[in-house]
Protein chains: 2
Amino acid sequence: MMTPSPTVFIVDDDSAVLKSLARLLRSARLNVMAFGSPQEFLERHDPRAPGCLVLDLAMPGLNGLELQAALTVKGSAIPIIFLTGHGNIPASVQAMKRGALDFLTKPVNDDDLLKAVQVAIEKDRIARIARAELEDIQARLDSLTPREREVLTHVVSGQLNKQTAADLGTVEKTIKVHRARVMEKMKVHSVAELVHLAERAGIRAA
Amino acid sequence: MMTPSPTVFIVDDDSAVLKSLARLLRSARLNVMAFGSPQEFLERHDPRAPGCLVLDLAMPGLNGLELQAALTVKGSAIPIIFLTGHGNIPASVQAMKRGALDFLTKPVNDDDLLKAVQVAIEKDRIARIARAELEDIQARLDSLTPREREVLTHVVSGQLNKQTAADLGTVEKTIKVHRARVMEKMKVHSVAELVHLAERAGIRAA
DNA sequence: TCCCTTATTGGCCCAAGGTCCAATACCCAC
DNA sequence: GTGGGTATTGGACCTTGGGCCAATAAGGGA
C-alpha cells in the first residue's frame with residue numbers, strides 16, 4: 001500500500017494570490033490544489049489525503065478561523081498555515097491556540113512559506129503514521145466482545161484471573177478462556193505488549 | 001505536605017503598569033509578586049513555586065521572548081501570559097509556538113487577563129501533579145542497579161525470564177531474583193503496573 | 001427450526017512466575 | 001582486610017497462566 005505523495009491545499013478568495021502561491025509551491029516541486037472559497041474546500045477535501053493547508057484568514061462566507069473550526073469538527077487533522085494581509089494579534093493567537101501550525105503575514109517571504117510548508121508536511125506525515133497505528137489498535141479492540149473488553153481492562157490493571165473472576169461474578173477458568181481470546185484478537189503474546197496497546201488506545205484500569 | 005497557594009508573577013519595566021496589574025490581580029484575591037526587570041525575575045524566581053507569569057514583551061535588556069527562552073533552558077515550565085503594547089503578529093506567533101499560554105495586548109481587558117490567569121494557574125497545577133508523579137517514578141528508577149535496569153527493559157518488552165537470561169548471558173534463576181528486586185524497588189505488584197510506570201517514564205523495549 | 005456467536009465451565013497437564021532458604025564471588029571504600 | 005553493595009546460582013515449593021479437548025446454555029438471525 002503506497003502512501004500518495006503529499007499535497008499543499010491553498011484556500012484564498014483572491015485568485016491572483018492563489019495563482020502566485022500555487023506557482024511558488026509548484027516550483028518547489030510540491031503537489032498543489034487551489035480553492036477559491038472555503039466552502040469549496042470543505043466540501044471537496046478528503047481528510048485521508050496527506051499534506052497541509054495554506055489558508056487565507058479574511059474571506060467572504062467562512063473566514064479562516066471558522067474553516068479551521070469546521071475542519072476540527074469534521075475530524076480532519078490537517079496542519080494549517082494561516083496567511084493574512086490584515087490580521088491582528090488576537091486572531092493569530094486564537095489560530096495558534098486552536099492548533100494552527102503557523103501564522104504568516106502577506107506579503108509573505110517565499111522562504112518562510114516554503115519552510116512552514118515543509119514542517120507542516122512532515123508533521124502531517126508523522127501524525128498519519130501515529131493515527132494509522134491507533135486505528136489498527138482500535139480495530140482490534142472493536143473485534144472484542146463486551147465480556148472480553150471487561151476482562152481486558154482487568155488484565156491491564158494487573159488483576160489476577162481469580163480477582164477478575166470474583167469481580168465479574170464467574171470462575172477463574174472462564175476468565176482464562178476470555179483472556180486467551182483477548183490475547184489472540186489483539187495479536188499480542190505477552191501482558192506487557194497488551195498493556196502497551198491498551199495504553200495507546202487510552203484504556204484505563206478497571 | 002501542603003502545596004503553597006499559587007502566585008502570579010508579573011514582569012514589566014513600567015512601574016505604573018506593574019502597580020496597576022498587581023492591584024487588579026490582588027483584588028481578585030490572587031497572590032502577586034511584581035518584578036521591574038526580567039533579570040531580577042530570572043535570578044530570584046524559584047521554579048518550584050506554583051503559579052504563572054504575566055510578562056511584558058518589550059523590555060530593556062532581556063525582552064519577553066528571551067526571558068521565555070531562558071526559563072525554558074533553566075527547566076522552568078511556568079505558564080506564561082504575554083502582555084504587550086506594541087507587539088506584532090510574528091512575535092505573538094513565536095511566543096505561542098514556544099509554548100506561551102496566551103498573548104494579550106495593552107490596554108488589556110481586565111476580565112481577559114483574569115481569565116487567562118485562571119487558566120494558567122489551573123494548567124500549572126495539573127502539570128505540577130503530573131511532574132511530581134514523574135519525578136516519583138524517576139526516583140524509583142534511579143534506585144535500580146544497572147543490571148536491574150536491563151532486566152526491567154526486558155520485562156516491559158514482554159520477554160520471558162529464560163529469554164532475558166539468554167540475552168544477558170546468565171540463567172533464569174538469576175533473572176528471577178533481579179526481577180523480584182525490580183518489582184520491589186518500583187513498588188508494583190504486577191507486570192501491568194510496571195509497564196504503566198515504564199511507559200510514563202519513557203522506557204522503551206529492549 | 002437450525003446455525004452461529006457469546007458466555008460459561010470442567011479436567012488435565014505443563015510452563016512460567018514468585019518466594020523461601022542459603023551460598024559464592026567481585027569490587028570498592030573505610 | 002573487613003564490610004557492604006552488587007551479581008550470581010542452587011534447591012524446594014507453591015501459585016498463576018496457558019494450551020487442549022469437550023460440553024452446556026442463552027439469544028439472535030437465516
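By convention in this document, chain letters (A, B, ...) are assigned in the order of the sequence lines, proteins followed by strands, and residues within each chain are numbered from 1. Since we're looking at a predicted model, the values are computed, not measured.
Under the side-chain contact (heavy atoms from CB on, under 4.5 Å) criterion, P79(B) pairs with C52(B), A120(B), D124(B), not counting sequence neighbours. Scanning for side chain to side chain donor-acceptor pair (under 3.5 Å) contacts around R181(A) gives an empty result, with sequence neighbours left out.
Straight-line distance from the CD atom of E172(B) to the C1' atom of dG10(D): 13 Å, rounded to whole Å. Here the C1' atom of nucleotide dA7(D) and the CD atom of E148(B) are 10 Å apart, to the nearest Å. Atom CG in L194(A) sits roughly 14 Å away from atom C1' in dG17(D) (whole-Å rounding). Computed from coordinates, the L160(A) CG to dC14(D) P distance equals 19 Å when rounded to whole Å. Atom P of nucleotide dC26(C) and atom CZ of R147(B) are separated by 16 Å, given to the nearest angstrom. When rounded to the nearest whole Å, the span between CD1 of I175(B) and P of dG18(C) equals 12 Å. To the nearest angstrom, C1' of dA7(D) lies 15 Å from CG of L144(B).
In this structure, T145(B) reaches the dA7(D) phosphate: one of its side-chain N or O atoms is under 4.0 Å from OP1 or OP2. Taking 4.0 angstrom as the limit, N161(A) places a side-chain polar atom (N or O) nearer than this to OP1 or OP2 of dG17(D). Considering only side-chain N and O atoms, K162(A) lies under 4.0 angstrom from the phosphate OP1 or OP2 of dT16(D).
Within residues 176-189 of chain B, the residues that have a heavy atom under 4.0 Å from DNA chain D are, in order of number, V177(B), H178(B).
Taking both residues in full, the closest heavy atoms of A116(B) and D102(B) are given as CB-OD2, 4.0 Å, listed atom of the first, atom of the second, then distance.
Looking at L114(B) and L24(B), their side chains come closer than 4.5 Å, going by heavy atoms from C-beta outward.
Taking the six-membered ring for Trp and thresholds of 30 and 60 degrees, F9(B) and H45(B) have ring planes more than 60 degrees apart, a perpendicular arrangement.
For the residue pair E199(B) and H196(A), a side-chain donor N or O sits within less than 3.5 Å of a side-chain acceptor on the partner.
A residue-by-residue look at S143(B) and V171(B) shows that S143(B) has its nearest nucleotide of DNA chain D further toward the 5' end.
Picking from dA7(D), dA16(C), dC21(D) the nucleotide with the shortest atom distance to the side chain of K173(A) gives dC21(D).
Here T174(B) lies in heavy-atom contact (under 4.0 Å) with a base.
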Going through the distances and angles, do K115(B) and D111(B) end up as a salt bridge (Lys or Arg N to Asp or Glu O under 4.0 Å)?
CA-CA 6 Å; K115(B) 264 183 201 152; D111(B) 277 347; 5.7 Å; no

